[in-house]
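Comments concern the structure below.
When a ligand or atom number is given, it counts from 1 through the structure's own listing order.
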Amino acid sequence: MEGWQIRETFLRFFEERGHRRVPSASLIPPPESGLLLTNAGMNQFIPYFLGHAPAPYDRATSVQKCFRTNDIENVGRTDRHLTLFEMLGNFSFGDYFKRESCGWGLELVTEGFGIDPGRLWVSVYETDDETIDIWLDLGIPRERIVRRGKDDNYWWTHAAGPAGPCSEIFVDRGSRYGDEGGPAVDEDRYLEIWNHVFMQDEVDERAERRGELPAKNIDTGSSLERVATVLQDKATIFETDIFQPLFAVAESLAGVRQGEDERTDISLRVMAEHGRATTFLIADGVQPSNEGRGYVLRRMLRRLVSHARRLGIERPVIEELAEATIATFGGAYPELVENRAYVLQVATSEEERFGGTLRQGMALFEDAIGRASGTLPGEVVFKLHDTFGFPKELTRELVEDAG
Ligand code: SER
């Protein structure tokens, strides 16, 4: 199944079970969410879970563009870190609860996606015996059901709001990917593909329980990119069809191909991933700046440009990456097409601005790193930032790469 088929299969499955298909919300969340960027499919439904507004439907399904910023500098260096990803989800607002959610989850994974049930493992919150019984009834053997604590199996947005214990579905990708023993042993081999959250609590920003929600709700989330990795039997997220148009552009600009060299692979991945993610951010109205969301965008655009230079590309790259993103994802996210001219203008002007100072900044950096003994002086970091526009995170990455 290609990416678009996975999206459509998921949404249809839940539509056939009485769910309203709801479009993805913007990556810019409402201020009252307390979030910098939309980080889960449930964000747009928070007022319904909290009981602050009546839900216009009892059941919903969506494919939500999500953004997680904690790992930007890891993107490219691992097989699975992304900033932007698409989250497939189904939601119940005081309607069905655990049994239906787990049952439909298993049905879609095995019958809809065709994954062999013998490859599945599940996790449950440590005290949630009820969900263990549900999985046993559904035919998951006891030895492939694992109990996990609050760090792994309790979900909240990381801002104050709705929360709950959760149950995850994992696929065993086989001994090629790691050690036997289940998700507690190896999360590369046992890839988590779907999280079912039983939304019942209200918590503060540190996940301390403040009370009960007015109703018991369901919030599930499944990463489209991970499902594609499994269904297309790829070793990494980046080899799925979802990313191929972006890599085609990056490879042709750089004149190198994936898999030739670890160092160039990192830069190709940064170009593909950041090219896609920044296009989505700008299409939703984020502009490069020195704080908040705008700084996330600026950091990523500048990291992208510096990796393109590292690949020896001297000409502008962002326009072609943005065009490939719009062509690939514009069907599912029409706002990309609607805002095409604006995206290209914002992205290319940031590239020009930084492209103009990058070479001089790199010369300063090379000189300083040649003379530094173990530590790059703070005044160099400051000058790189102040005069040449290097975000400090970019300088840190260059310093690490220089050993
Ligand atoms: N909100 C949960 C998550 O992001 C399930 O959708 O994992």
If you count the atoms of ligand 1 from 1 in the order shown, which ones are under 4.0 Å from a heavy atom of [X]?
X      : value
Gly221 : 5 (C), 6 (O)
Arg68  : 4 (O)
Ala40  : 1 (N), 4 (O)

For His81, the option from Asp79, Thr83, Thr78 that meets side chain to side chain donor-acceptor pair (under 3.5 Å): Thr78
Look at the aromatic rings of [X] and [Y] and report parallel, tilted or perpendicular, splitting at 30° and 60°.
X      : Y      : value
Tyr333 : Phe280 : perpendicular
Phe49  : Phe93  : tilted
Phe91  : Phe45  : tilted
Phe243 : Phe247 : perpendicular
Tyr57  : Tyr48  : perpendicular

So is Met199 in contact with ligand 1, going by heavy-atom distances below 4.0 Å? no
For His196, is the nearest heavy atom under 4.0 Å from an atom of ligand 1?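 Under 4.0 Å: no for His196.
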Under 3.5 Å between some N or O of ligand 1 and some N or O of Asn39? no
Check: Val197 N/O within less than 3.5 Å of ligand 1 N/O: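 No, there is no polar N/O contact under 3.5 Å.
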Starting from atom 7 (O) of ligand 1, what is the nearest protein heavy atom, named by residue and atom, and what distance separates them?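 The protein heavy atom lying closest is Asn195 ND2, 3.1 Å.
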Nearest protein heavy atom with distance in Å, relative to atom 1 (N) of ligand 1: Asp219 OD2, 2.8 Å
Carboxylate-amine/guanidinium proximity below 4.0 Å for Arg77 and Glu397: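 Salt bridge between Arg77 and Glu397, a charged N being under 4.0 Å from a carboxylate O: yes.
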I need the contact type for Glu168 against ligand 1. Using non-hydrogen atoms and a strict under-4.0 Å cut-off, is it side chain, backbone, both or neither? neither
